[in-house]
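Computed over heavy atoms, backbone and side chain alike; hydrogens, waters and symmetry mates excluded. We number each residue from 1, following the sequence as shown.
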Amino acid sequence: MTEQQQTQLPWYRRAVRWGQTNLTEMDPVNWDKEFWKQYWKQTKVQGVIINAGGIVAYYPSKLEMQYRAEGLGDRDLFGEFAEEARQAGLLVLARMDINRATKEFYDRHPDWFVVDAQGEPLTSNGRYFSCVNSPYYKEFIPEVLKEVIDKYRPEGFTDNSWTGASRKVICHCSYCKAKFKADKGLDLPAASDYNDPVYRQWIQWSYACRIENWDLFNEITTRYGGPDCYWLGMFNADPFRPHTNFCDLQEIGKRSKIMMCDHQSREPRTGFEQNSLNGLLLHGLAGWDTVIPESMSNYIRGVRHLSPGQQSGEGNPAVDALRHGRWNLPLVPSRRSGSGGQAPIQQRSSGDAVARAE
């Protein structure tokens, strides 16, 4: 393919090597611009995924209830990152995390958040879980997407927490009660019980609610950002894991031009061959022309494991990277054969990942 033909492709067909930067709240204070410019060059990434908003905003949002990163001050870290990336010729995706909010937000709109049958809110690390059927998802998040598009014009969006509370939780907020009654003509199930036909209907309904939000967010981003400005969500690369959070991979595979996967840990008995299997299964749902980057973090979550074959891999760069703590490897679920590949990347940040898909 000629260079001219390459530039005429949509952005999601041009980039196969992505860098994902998982920022922390104090990174606005510590950001080393020159390091990142050199790092992008060394890793030969073609696009970057940069934290924008949701649980934490890394730009000066005008939306009153969107919490800003502790160290942001008067800076626009997302804007600075995006500008430097564009100057380096990279594509930019805005990363969102939308399933939780602060107590201040909860106090302003308690009816927008997940509650149990007794009306008690669901929390984690001081944040309150937002309900996928409430105006938080239907009104507030679309306003965040429109604001980011208006200010920065990213190629698209990812979202690491878009499915909300897991299937272990039955939300009894007023919006869930009303919607389940309107859609199914039933009251919400009292408990998780597969012997209860109402609970089984609630399971199916909960999948459909997430797909409604998927379609809503894409309607917003393509209307305000252009026909290729897709909202892409984010998935655990293990094809079985997303279903615990009502993520309907079959429906999403039908809708997606590119599927972004995030894989932050290793299973005890598998190595890099796991990525080949993941690619094979996901392409079986989305088709072999869909690009599926899979990112691996360079920070360590859980215990690092090497398969027996990897343990004896003296001189193997991937094994060397693992033994020395460099947990950031670009992984390749091929569109053609489902095969995987990797190469070590050395870096110093505690929250970055590189993904590659061909």
Side-chain angles (χ1 to χ4, degrees), residues 1-20 43-49 90-93 95 155-160 162-163 207 210-211 214-215 217-218 221-222 226-264 266-267 270-296 318 329-343 345 353-358:
M1 181 179 296
T2 67
E3 184 175 346
Q4 181 179 5
Q5 290 173 319
Q6 179 75 12
T7 58
Q8 291 174 345
L9 292 173
W11 66 265
Y12 51 85
R13 301 293 294 174
R14 297 200 305 271
V16 296
R17 191 177 182 89
W18 291 86
Q20 176 171 255
T43 56
K44 297 181 173 59
V45 295
Q46 298 162 300
V48 288
I49 305 166
L90 306 180
L91 301 169
V92 174
L93 294 180
R95 170 177 162 148
E155 271 68 37
F157 292 81
T158 67
D159 194 315
N160 195 51
W162 65 279
T163 53
Y207 278 107
R210 272 67 175 181
I211 293 298
W214 179 283
D215 291 339
F217 296 155
N218 273 285
T221 57
T222 54
D228 289 333
C229 184
Y230 293 115
W231 183 91
L232 302 166
M234 183 73 82
F235 315 99
N236 188 296
D238 180 348
F240 301 102
R241 190 73 59 82
H243 291 286
T244 64
N245 293 317
F246 296 117
C247 177
D248 190 334
L249 288 175
Q250 185 173 28
E251 287 299 318
I252 290 167
K254 296 175 183 177
R255 290 163 164 77
S256 297
K257 305 292 185 182
I258 179 172
M259 296 179 71
M260 289 290 184
C261 297
D262 193 15
H263 200 164
Q264 298 187 18
R266 284 282 171 203
E267 300 301 326
T270 58
F272 292 109
E273 65 273 15
Q274 181 179 345
N275 303 98
S276 298
L277 176 59
N278 294 344
L280 179 67
L281 294 174
L282 288 171
H283 281 300
L285 292 173
W288 289 96
D289 289 330
T290 300
V291 179
I292 307 179
E294 179 179 352
S295 66
M296 288 298 299
L329 307 175
L331 303 162
V332 189
S334 169
R335 284 180 294 144
R336 293 177 292 277
S337 64
S339 61
Q342 60 280 331
I345 305 276
V354 171
R356 182 182 177 190
E358 296 185 341

*Step by step, would you call Val16 with Gln46 a side chain to side chain contact (heavy atoms under 4.5 Å, CB included)?*
CA-CA 7 Å; Val16 296; Gln46 298 162 300; 3.4 Å; yes
Output the distance between atom [atom1] ([X]) and atom [atom2] ([Y]), rounded to the nearest 0.5 Å.
| X | Y | atom1 | atom2 | answer |
| --- | --- | --- | --- | --- |
| Lys254 | Leu249 | NZ | CG | 12.5 Å |
| Asn245 | Arg210 | CG | CZ | 8.0 Å |
| His283 | Met259 | NE2 | CE | 9.5 Å |
| Met260 | Asp159 | CE | CG | 13.0 Å |
| Trp11 | Cys229 | CH2 | SG | 8.0 Å |
| Glu251 | Leu285 | CD | CG | 10.5 Å |

*Name the orientation class of the two ring planes belonging to Trp162 and Phe235 (parallel below 30°, tilted from 30 to 60°, perpendicular beyond 60°).*
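Answer is perpendicular, since the angle exceeds 60°.
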*Dump the intermediate steps for side chain to side chain contact (heavy atoms under 4.5 Å, CB included) on Tyr230 and Ile258, then the final yes or no.*
CA-CA 9 Å; Tyr230 293 115; Ile258 179 172; 5.8 Å; no
Between [X] and [Y], what is the shortest heavy-atom contact and its length?
| X | Y | answer |
| --- | --- | --- |
| Ser256 | Trp214 | OG-CZ2, 3.5 Å |
| Asp228 | Pro10 | OD2-CB, 3.9 Å |
| Met234 | Asn160 | CG-OD1, 3.6 Å |
| Gly19 | Val45 | N-CG1, 3.9 Å |

Checking the side chain of [X] only, and the main-chain atoms of [Y] only, is there a donor and an acceptor separated by less than 3.5 Å?
| X | Y | answer |
| --- | --- | --- |
| Thr163 | Phe246 | no |
| Arg14 | Leu9 | yes |
| Glu294 | Cys261 | no |
| Arg95 | Ile49 | no |

*Could you walk me through whether Leu91 and Tyr12 pass the side chain to side chain contact (heavy atoms under 4.5 Å, CB included) check?*
CA-CA 9 Å; Leu91 301 169; Tyr12 51 85; over 6 Å; no
*In sequence, state the C-alpha distance, the side-chain angles, and the governing distance for Arg255 and Asp215, and then conclude on salt bridge (Lys or Arg N to Asp or Glu O under 4.0 Å).*
CA-CA 9 Å; Arg255 290 163 164 77; Asp215 291 339; 2.8 Å; yes
*asked:* Measuring only between side-chain heavy atoms, which start at C-beta, is Asn218 closer than 4.5 Å to Leu232?
replied: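 No, too far: nothing below the 4.5 Å cut-off.
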*Show your working on side chain to side chain contact (heavy atoms under 4.5 Å, CB included) between Leu93 and Trp18 and close with a plain yes or no.*
CA-CA 10 Å; Leu93 294 180; Trp18 291 86; 3.7 Å; yes
